[in-house]
Structures are given as structure tokens and as C-alpha cells.
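Take a look at the structure set out below.
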Amino acid sequence: MKKIMCVIGTRPEAIKVAPLVHAFAAAPDFEVRVLATAQHRDLLDQAFALFNITADYDLNVMTPGQTLPELTARLMLSIDKTLDEAKPDMVIAQGDTTTVFVTSLACFYRQIPFAHLEAGLRTHDLYSPFPEEANRVMAGKLACLHFAPTEVSQQNLLREATPAEQIFVTGNTVIDALLTTADKDFELGFDIPADKRLVLVTAHRRENFGEPIEHICQALLELVATHHDIFVVFPVHPNPNIRAVTDKYLQGHDRIKLVAPFDYGPFVSAMKRSYLILSDSGGVQEEAPALGKPVLVLRRDTERPEAVTEGVVKLIGTNKEDIVREANILLTDANAYAAMAKGASPYGDGKSSARIVEIVRNYFSQQTSAK
Ligand code: UD1
Ligand code: UDP
């Protein structure tokens, strides 16, 4: 029986790792343990509840307004202590958060095999997104298995001289999570007028703190003033750098609804109900195309070029004029809208977790036969 430890820090990690936790739990030859760093406290608890996941270890590291050095230092000692206690045969973590980078380094120091889920995503600019691009490059260097969602991410890893036999194109487990959620309808907790088109907005990236988030808010005000048939729903990330600005600009408008972050189920229902999505989120760029919803990405680059190539996601940056112009096109030009709303699923087929369990099984059987 091999002991797998899944480490989870933030909301998107919980959503993307949950299907894998369940897949390992269902396999008779694995014992799975969940280590929650709780880099996010509230958002993590929400996601764990929806996916019926309980943490075996909870480090509870989040502090309000945490800085990267503080968070990194707190994570390092507490993850190391847990690895010492739990003695896993392999540790798996997803993506590019500080939790993931520190987990990879803690595993390296203890010489525990570290497997990277959602491996090989790159913008090729270490400062964008910040600090995520550096986090995923460093975690990738320390991994013994790389679960790349697409061939593009596989190629990125090969170009960095990652051994080919360590890389597996598995699809992204976010589609596993999405498909088990999207077939149900969840209450949003408020009404959206039936005659209005829903514009769903999310923003949380560090590069968008300050002027960019102000531009995003100003663009939304202009769009609601021009288009009387749109209704904006903006679940506001609890990061104080975002919340302060959205409250200042957008509170009190009768067609802009600022809400607390949705649980994953209602958020997926909101995506399904939406006409258009504006977002700087990574996960949303993967999910919305699978639901046939156009996304205007509030960033200047992306590590997820596949949906851009398909024409269903467009990078527009955060200048107010650019946001207004691009949204206007989709709100007025039916052909332009139809081209972007055609749907595509370059990130997976919903079976990624099952593939990964099999790959990990083979990894251990090869280790045994090599002895
Ligand atoms: C983090 C990740 C980012 C990921 C995002 C997903 C890092 C450096 N950043 O960004 O890669 O895309 O999560 O959402 O790893 N807060 C709460 N409650 C919560 C969560 C956050 O109050 O449940 C507030 C706290 O004040 C916290 C702050 O948000 O200090 C920032 O959290 P942090 O995890 O450092 O950064 P995020 O911007 O959430
Ligand atoms: N999400 C959610 N509730 C919300 C907003 C987003 O459950 O109010 C989900 C979304 O569907 C996606 C994930 O959270 O799966 C993305 O998280 P986030 O944008 O915070 O992080 P990123 O993907 O950019 O790392």
C-alpha cells in the first residue's frame, strides 16, 4: 500500500485536486492523505465542503494581508514537520501557488518523490504572472513526475530538458471537477432579471492590483451605462487589494452585483447562465470554453494559449478603453459573439484523475522492479 499525500493551499488547488483525492481513495492499492496548508482559509473550507474532502493535516497558515516572504517562511517549517510525521511515499501538488513551490522544496530536502499536477504551463516571463511563473518553474525542476494538461505544456517541459519519460499528457483535472458539477443547477442566492444578459467578472492577480483593477471597474461602469440590457455579477476575491477598489467604484449600482466568492457549484451555474465572462483567472480560462462561454482575459499574457488559438478566449489586458471596446464587440456583433461562443475543450475530457492514478501505480511498480 503506497501512501500518497495531496497538498492543497488555495481554492483552485482544492477544485483541481479534489477529483484526484477521490480517485486515489477509491484505489485499493493507495492510501491518500490530504494536507491543507490553508493558505486560503475561507475559500478552501468552501471548496472542501462541496467536494466532501476532509484534511488529515491542517496547517492553518493564512493571515490577513499576508506577504509572500511571511507565507513562504510559515509554510516551509510546517510542511516539513508534517512530512516528517506522515512519511508519505509520494507528494502531489497542483499548479503554481506559494504552497506548491514550498511543498516541492520541502519534499526535495527530505528526498520524497514530488509529482507536479498541471505541469509545464509557461508564459516565459518570470514576472508574469507574479509570483506564479517562478513558482511553477521551480516546482517543475524538483518534480519526478509531471502531469501536463496538454501537448503545449509537454513541449514547454521538453524545451527545459525535463526527461521525456517523466512527462505525461493527462488533461487537466479541472475538467473532471467541472463535469461532475455542471450537470446540476445551483442557487446563486439572488435573482438576475430574466431579460438581462449576465456579464460575469472575476479578478485577483497581483499584477492587477492598483491601477489595473481601477481600470477594470471604470470599464464596467461604462459598459453598464451603454448597455441597459446587461447585468454584471462580480464575486469579489477576499484579497483586500481587490475588495477595497471594487467597493469604492462599484457598490450601490442597480445592475452591478458585488457578491462574496461563490461556492464552486453556484459559480459554475453562474458561468452557465452568463453571456460573457471577463476574468484574470487561470481556472476560468479552462472551464468557460468547455461551457461554450467567451472569456475576455484581463491580462497581457497567458500560460494557457490553447483556448486563445481555438478563438474562444481573447487576451485583452486591463486598459479601460481596450476592455470597453472588446466587450462592446461581443455585446453588439452577433457573428463575433457566435465565433467565440462555439465551445472547445482543449484542457481535458474529464478522465484525467483516472489516468494519473494509473501513471503513479506504474511509477511505483517500475521502482520495485528496478530494485
Ligand atoms: C493565491 C495565489 C494565486 C492563486 C490565487 C487563487 C500565491 C502567491 N497566490 O492568491 O496564485 O491564483 O490564490 O485564488 O500563491 N483571503 C482571505 N480568505 C481566503 C483567501 C484569501 O481572507 O479564503 C485574503 C487574506 O487577506 C490573504 C489574502 O487574501 O492574506 C491573499 O491571499 P494569498 O493566498 O496570499 O493570495 P491570493 O491573491 O489569494
Ligand atoms: N471560482 C469559484 N467561485 C468564485 C470564483 C471562481 O468557485 O466566486 C472557481 C472557478 O470556477 C475556478 C477557480 O475558482 O475553478 C479559479 O480560482 P481563482 O480564479 O481564484 O484562481 P486561479 O485559477 O487564477 O489560480
Side-chain angles (χ1 to χ4, degrees), residues 11-12 128-129 188 192 196-237 239 241-243 245-251 253 255-262 266-304 307-308 310-333 336-341 343:
R11 167 175 65 194
S128 181
L188 300 190
I192 298 167
K196 301 281 185 263
R197 293 185 287 178
L198 170 58
V199 176
L200 184 63
V201 185
T202 80
H204 73 282
R205 302 239 81 87
R206 273 178 166 70
E207 310 86 271
N208 284 343
F209 295 172
E211 208 173 278
I213 182 69
E214 298 205 7
H215 272 244
I216 292 167
C217 292
Q218 288 162 359
L220 292 174
L221 286 171
E222 187 163 331
L223 287 168
V224 285
T226 316
H227 302 277
H228 292 273
D229 68 335
I230 68 170
F231 188 93
V232 172
V233 174
F234 193 156
V236 183
H237 194 284
N239 195 312
N241 295 294
I242 296 295
R243 180 167 292 277
V245 181
T246 53
D247 284 356
K248 176 178 156 203
Y249 282 92
L250 305 178
Q251 235 173 20
H253 194 290
R255 279 183 293 113
I256 300 179
K257 182 95 183 155
L258 297 180
V259 289
F262 287 115
F267 187 72
V268 171
S269 292
M271 283 197 285
K272 281 167 56 187
R273 164 73 174 79
S274 70
Y275 178 82
L276 167 64
I277 302 175
L278 303 183
S279 179
D280 67 6
S281 164
V284 170
Q285 290 175 62
E286 296 155 346
E287 295 159 338
L291 299 172
K293 301 299 174 176
V295 186
L296 296 177
V297 179
L298 304 166
R299 292 176 51 186
R300 61 185 163 84
D301 50 19
T302 182
E303 56 290 304
R304 296 168 169 86
V308 178
E310 294 268 3
V312 296
V313 162
K314 189 166 183 185
L315 280 177
I316 63 164
T318 51
N319 286 332
K320 179 186 161 197
E321 296 72 27
D322 295 336
I323 299 171
V324 170
R325 187 189 61 248
E326 294 297 335
N328 274 341
I329 293 172
L330 292 180
L331 289 165
T332 54
D333 179 338
Y337 182 82
M340 274 193 84

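This one's a predicted model, so the numbers in the text were calculated from it and none came from an experiment. In this chain, residues are counted from 1 in sequence order. Scope of the values below: all heavy atoms of this structure, side chains included, with no hydrogens, waters or symmetry mates.
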message: Taking the side chain as everything from C-beta on, heavy atoms only, tell me whether Lys293 gets closer than 4.5 Å to Glu287.
response: no
- line: Those residues at least two apart in sequence (or on a different chain) that pass side chain to side chain donor-acceptor pair (under 3.5 Å) with Glu286 are Lys16, Asn172, Arg304
message: Please check this pair: side chain of Asp280 against backbone of Arg205, looking for a donor-acceptor N/O pair closer than 3.5 Å.
response: yes
task: Return the minimal non-hydrogen interatomic distance between Val201 and Val232, and the atom names on each side.
output: CG2-CG1, 3.8 Å
message: Do Ile213 and Ile242 make a side-chain contact, defined as non-hydrogen atoms from C-beta onward lying under 4.5 Å apart?
response: yes
query: When you measure from the side chain of Asn319 to the backbone N and O of Glu321, does any donor-acceptor pair fall under 3.5 Å?
result: no
- request: Sequence neighbours left out, what passes ring pair (Phe, Tyr, Trp, His ring centres under 6.0 Å) with His204? Give chain and number order.
  value: His237
- line: Sorted by chain and number, sequence neighbours left out, side-chain contact (heavy atoms from CB on, under 4.5 Å) with Arg206 holds for Leu68, Phe130, Pro131, Phe209
field: OG1-OH distance between Thr332 and Tyr337, expressed to the nearest 0.5 angstrom
entry: 12.5 Å
- request: Could you tell me whether Arg300 atom CZ has more than 12 heavy atoms of other residues or ligands within 6.0 Å of it?
  value: no
message: Apply salt bridge (charged side-chain N to carboxylate O under 4.0 Å, His left out) to residues Asp229 and Arg197 and explain how you reach the verdict.
response: CA-CA 6 Å; Asp229 68 335; Arg197 293 185 287 178; 2.9 Å; yes
Just distance, no hydrogens or angles: give the donor-acceptor pairs under 3.5 Å from side chains in residues 215-225, sequence neighbours left out.
| residue | atom | partner | partner atom | Å |
| --- | --- | --- | --- | --- |
| His215 | ND1 | Lys320 | N | 2.9 |
| Gln218 | NE2 | Tyr249 | OH | 3.4 |
| Glu222 | OE1 | Lys320 | NZ | 3.1 |

statement: Contacts of Ser269 meeting side-chain contact (heavy atoms from CB on, under 4.5 Å) (sequence neighbours excluded), chain-then-number -> Asp185, Phe186, Leu188
query: Quick one: are Glu310 and Pro289 in side-chain contact, heavy atoms under 4.5 Å?
result: no
Distance-minimising heavy-atom pair for Thr202 and Ser281: OG1-CB, 3.8 Å
- prompt: Are the side chain of Ser274 and the backbone N or O of Ile277 linked by a donor-acceptor pair below 3.5 Å?
  reply: no
field: Closest approach of Ala307 to Gln285 (non-hydrogen atoms, all atoms of both residues)
entry: CB-O, 4.3 Å
query: Going by heavy atoms in the side chains, are Glu207 and Pro212 under 4.5 Å from each other?
result: no
- prompt: Any donor-acceptor pair under 3.5 Å linking the side chain of Tyr275 with the backbone of Leu330?
  reply: yes
statement: Smallest heavy-atom separation, Pro294 atom then Leu276 atom, equals O-CD1, 3.9 Å
field: Nearest heavy-atom neighbours spanning Met271 and Leu291
entry: CB-CD1, 3.8 Å
task: Check Met340 against Gly311 and note the closest heavy-atom contact, atom names and distance.
output: CG-O, 3.3 Å
Atom pair NZ/CZ of Lys196 and Arg273 - distance to nearest 0.5 Å: 10.5 Å
Point-to-point distance, once rounded to the nearest 0.5 Å, from CG of Leu198 to CD1 of Ile192: 4.5 Å
message: Going by the rule side-chain contact (heavy atoms from CB on, under 4.5 Å), which residues pair with Ile329 if we only count those two or more places apart in sequence or in a different chain?
response: Glu326, Asp333, Ala336
field: Heavy-atom side-chain proximity of Ile316 to Leu298 below 4.5 angstrom
entry: yes
